[in-house]
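For reference, the structure is listed below as structure tokens.
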Amino acid sequence: MNEIKIFSPATVANVSCGFDVLGFCLDTIGDEMVIRKINKKGIHITKIEGYDLPFEAENNVAGVSALAMLEDAQPDCGFEIEIYKNIKPGSGVGSSSASAVGSVFGMNELLGRPYNKTQLTNFAMKGEALASQCEHADNIAPAIFGGFTLVKSVAPLEVLQLPTPKDVFAVIIHPQIEIKTSESRAILPKQIALQDAITQWSNVGSLVHALHTNDYELLSRSLTDVVVEPHRSQLIPHFDSVKQTALDNGALGCGISGSGPSIFSLCYGNENAQKVAKAITNIYSETGIPFEVYVSEINTKGIKIL
């Protein structure tokens, strides 16, 4: 096999209380990529559709992760990459991680799978760092592993797969504005109050337990962020009204997806998710800001071959 076409999914990172460690994988939003094994050595990005992104491998997220893997694998070949970008950069649902994951996943398949999922995550982190100025895996891990993931550590890298309750659905609203990850990180405080830290890690522990036990009521009470959301929500127009509307219509919880501007709501069942999506659509239609709303199951498989 010398060519592969893949679907690289969008993801939600942080998941309220789990800043830089928690994430989950979406099913209905993602990029498509074609990876091709060629005789000419190196990484060559030959086609980009959807958004204006650099073709130079060292300046492109997919290229940087591919170069990291190429340097380690030292294969007697090179690779061409075609990117069909459906996830808007700066949207908060893992646009850069989808690119970073797609290239290394495809290359690994064409080389006969010499690397495991954790190793692929490590390579992809190099590309993600180009976009956000630091290595983190909370978007990358769910794209590769699927479902809910927790990044126990990045040095050394350790990713934990968490159970996904089968009746959890996600609603995503994406206001059509861009928030750069690097800028949204810059507004965060370097120190936080001890009581806030205690509240936050209590919520993370409770959320993990809720996923393991299918405890939707505990899941709902755990989706609270007292550390990051108070700062980042200021960058997202009408965040508070979206969150209140989602909760008023039965969402288990609502928070910022990644660094924003997308906002996620977790819901019990598809029927409730559709109700929340409709209510959010109605209130955001009055803002004058263009937006898109998606309803998605949690994608437990992650990135896949088409």
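This is a predicted model, so every value here is computed, not measured.
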| query | With a 3.5 Å cut-off and no angle check, do the side chains of Glu229 and His231 form a donor-acceptor pair? | reply | no
| With sequence neighbours excluded, what pairs up with Tyr294 under the ring-ring contact (aromatic ring centres under 6.0 Å, His included) test? | none
| How far does CD of Gln234 sit from CG of Asp240, to the nearest 0.5 angstrom? | 9.5 Å
| For the hydrophobic clusters of this structure (ILVMFWY residues joined by side-chain heavy atoms under 4.5 Å, transitively), does one cluster hold both Met107 and Ile144? | yes
| said: Quiz question: by atom type and distance under 3.5 Å, do the side chains of Gln274 and Asn270 form a donor-acceptor pair? | reply: yes
| In the hydrophobic clustering that connects Ile, Leu, Val, Met, Phe, Trp and Tyr at side-chain heavy-atom distances below 4.5 Å, which members other than Trp201 occupy its cluster, ordered by chain and number? | Leu194, Ile198
| said: Please determine whether the number of non-hydrogen atoms from other residues, nucleotides or ligands lying under 6.0 Å from atom OH of Tyr216 exceeds 12. | reply: yes
| message | Is it the case that over 12 heavy atoms from other parts of the model lie below 6.0 angstrom from the CD atom of Glu58? | response | yes
| query | By the rule that ILVMFWY residues connect when side-chain heavy atoms come within less than 4.5 angstrom, directly or transitively, which residues belong alongside Leu218? | reply | none
| field | Set of salt bridge (Lys or Arg N to Asp or Glu O under 4.0 Å) partners for Glu158, sequence neighbours left out | value | none
| said: Give me each pair satisfying side-chain hydrogen bond (donor to acceptor under 3.5 Å, both in side chains) with a member in residues 9-18, each pair once, sequence neighbours excluded. | reply: Thr11-Asn139
| Non-hydrogen side-chain atoms of Ser257 and Ile263 separated by less than 4.5 Å | no
| remark: Residue set satisfying side-chain contact (heavy atoms from CB on, under 4.5 Å) with Ser296, at least two apart, ordered chain then number -> Leu26, Asp27, Thr28
| request: For Cys17 and Leu207, work out which heavy atoms get closest and say how close. | output: SG-CD2, 3.9 Å
| field | No-hydrogen, no-angle side-chain donor-acceptor test under 3.5 Å, Ser103 and Ser65 | value | yes
| Is there a path of hydrophobic side-chain contacts, each under 4.5 Å between heavy atoms of I, L, V, M, F, W or Y residues, that connects Leu53 with Ile35? | yes
| said: If the condition is salt bridge (Lys or Arg N to Asp or Glu O under 4.0 Å), which residues does Glu286 pass it with, not counting sequence neighbours? | reply: none
| message | Assigning hydrophobic clusters by single linkage (Ile, Leu, Val, Met, Phe, Trp, Tyr; side-chain heavy-atom cutoff under 4.5 Å), is Leu162 placed with Phe264? | response | yes
| Side chain Glu3, main chain Met1, donor-acceptor under 3.5 Å | no
| query | Could you walk me through whether Phe7 and Ile303 pass the side chain to side chain contact (heavy atoms under 4.5 Å, CB included) check? | reply | CA-CA 6 Å; Phe7 172 79; Ile303 188 168; over 6 Å; no
| said: Could you check whether atom CG of Asp52 has more than 12 heavy atoms from other residues, nucleotides or ligands sitting under 6.0 Å from it? | reply: no
| task | Could you tell me the separation between the CG atom of Asp138 and the OG1 atom of Thr149, rounded to the nearest 0.5 Å? | result | 8.0 Å
| Within the distance-only criterion (no hydrogens, no angle test), does the side chain of Glu292 pair as donor or acceptor with the backbone N or O of Pro175 below 3.5 angstrom? | no
| remark: Ile256 and Ser233 have their tightest heavy-atom pair at CD1-N, 3.6 Å
| query | Is there a donor-acceptor pair closer than 3.5 Å between any side-chain N or O of Thr245 and the backbone N or O of Ala279? | reply | no
| message | If you compare all heavy atoms of Ala73 against all heavy atoms of Leu111, which two are closest, and at what distance to 0.1 Å? | response | CB-CD1, 4.4 Å
| query | So Val159 and Leu150, side chain to side chain contact (heavy atoms under 4.5 Å, CB included) or not? Walk me through it. | reply | CA-CA 6 Å; Val159 176; Leu150 187 144; over 6 Å; no
| Are side-chain heavy atoms of Leu219 and His209 found at a separation under 4.5 Å? | no
| request: Apply salt bridge (Lys or Arg N to Asp or Glu O under 4.0 Å) to Asp76 and list each qualifying residue two or more places apart in sequence or on a separate chain. | output: Lys41
| Hey, mind stepping through Leu157 and Val151 against side chain to side chain contact (heavy atoms under 4.5 Å, CB included) and telling me if it holds? | CA-CA 8 Å; Leu157 182 63; Val151 181; 4.3 Å; yes
| message | Going by the rule ring-ring contact (aromatic ring centres under 6.0 Å, His included), which residues pair with Phe169 if we only count those two or more places apart in sequence or in a different chain? | response | none
| Main-chain N/O of Ala124 paired with Glu128 side-chain donor or acceptor, under 3.5 Å | no
| said: Return the CG to CD distance between Asp215 and Glu217, rounded to the nearest 0.5 Å. | reply: 6.5 Å
| salt bridge (charged side-chain N to carboxylate O under 4.0 Å, His left out) assessment of Lys126 paired with Asp72 | CA-CA 13 Å; Lys126 311 300 180 191; Asp72 188 83; over 6 Å; no
| At their closest point, which heavy atom of Asn59 faces which heavy atom of Pro54, and how far apart are they? | O-CG, 3.1 Å
| field | side chain to side chain contact (heavy atoms under 4.5 Å, CB included) between Cys25 and Thr300, intermediate numbers included | value | CA-CA 7 Å; Cys25 190; Thr300 58; over 6 Å; no
| Is the number of heavy atoms from other residues, nucleotides or ligands within 6.0 Å of CG (Asn39) greater than 12? | no
| said: Treating Glu109 as the side-chain partner and Gly106 as the backbone partner, does any N or O pair qualify as donor plus acceptor under 3.5 Å? | reply: no
| field | Closest approach of Gly255 to Phe239 (non-hydrogen atoms, all atoms of both residues) | value | C-CE1, 4.1 Å
| Looking at Glu80 and Arg36, does any basic side-chain N land under 4.0 Å from a carboxylate oxygen? | yes
| message | Donor-acceptor pair, distance only, cut-off 3.5 Å: does the side chain of Asn249 make one with the backbone of Lys275? | response | no
| message | Taking atom NE2 as the centre, does His212 end up with more than 12 heavy-atom neighbours from other residues, nucleotides or ligands that are less than 6.0 angstrom away? | response | yes
| Cluster check Ile140, Phe123: I/L/V/M/F/W/Y, side chain < 4.5 angstrom | yes
| field | Tyr115 backbone acceptor or donor facing Asn108 side chain under 3.5 Å | value | yes
| Ala137 to Thr121 - nearest heavy-atom pair and separation | CB-CG2, 3.9 Å
| message | Could you measure the distance from the CG atom of Leu70 to the SG atom of Cys77? Nearest 0.5 Å is fine. | response | 7.5 Å
| said: Run the side-chain contact (heavy atoms from CB on, under 4.5 Å) test against Lys5 and tell me which residues pass, sequence neighbours left out. | reply: Glu32, Val34, Leu306
| said: Checking Lys85 against Ser95: is there a side-chain donor and acceptor pair closer than 3.5 Å? | reply: yes
| note | Hits for salt bridge (Lys or Arg N to Asp or Glu O under 4.0 Å) against Glu271, two or more places apart or cross-chain, chain-then-number order -> none
| query | Donor-acceptor pair, Asn86 side chain versus Gly30 backbone, under 3.5 Å? | reply | yes
| field | Gln200 (side chain) donor-acceptor with Val226 (main chain) under 3.5 angstrom | value | yes
| task | Indicate yes or no: at least one non-hydrogen side-chain atom of Ile81 is less than 4.5 angstrom from one of Thr46. | result | no
| Residues in ring-ring contact (aromatic ring centres under 6.0 Å, His included) with Phe291, at least two apart? | Tyr284
| request: Measure from the side-chain N and O atoms of Ser153 to the backbone N and O of Pro156, and report whether any donor-acceptor pair falls under 3.5 Å. | output: yes
| Hphob cluster co-occupancy, Leu235 + Ile173, side-chain heavy atoms under 4.5 angstrom | yes
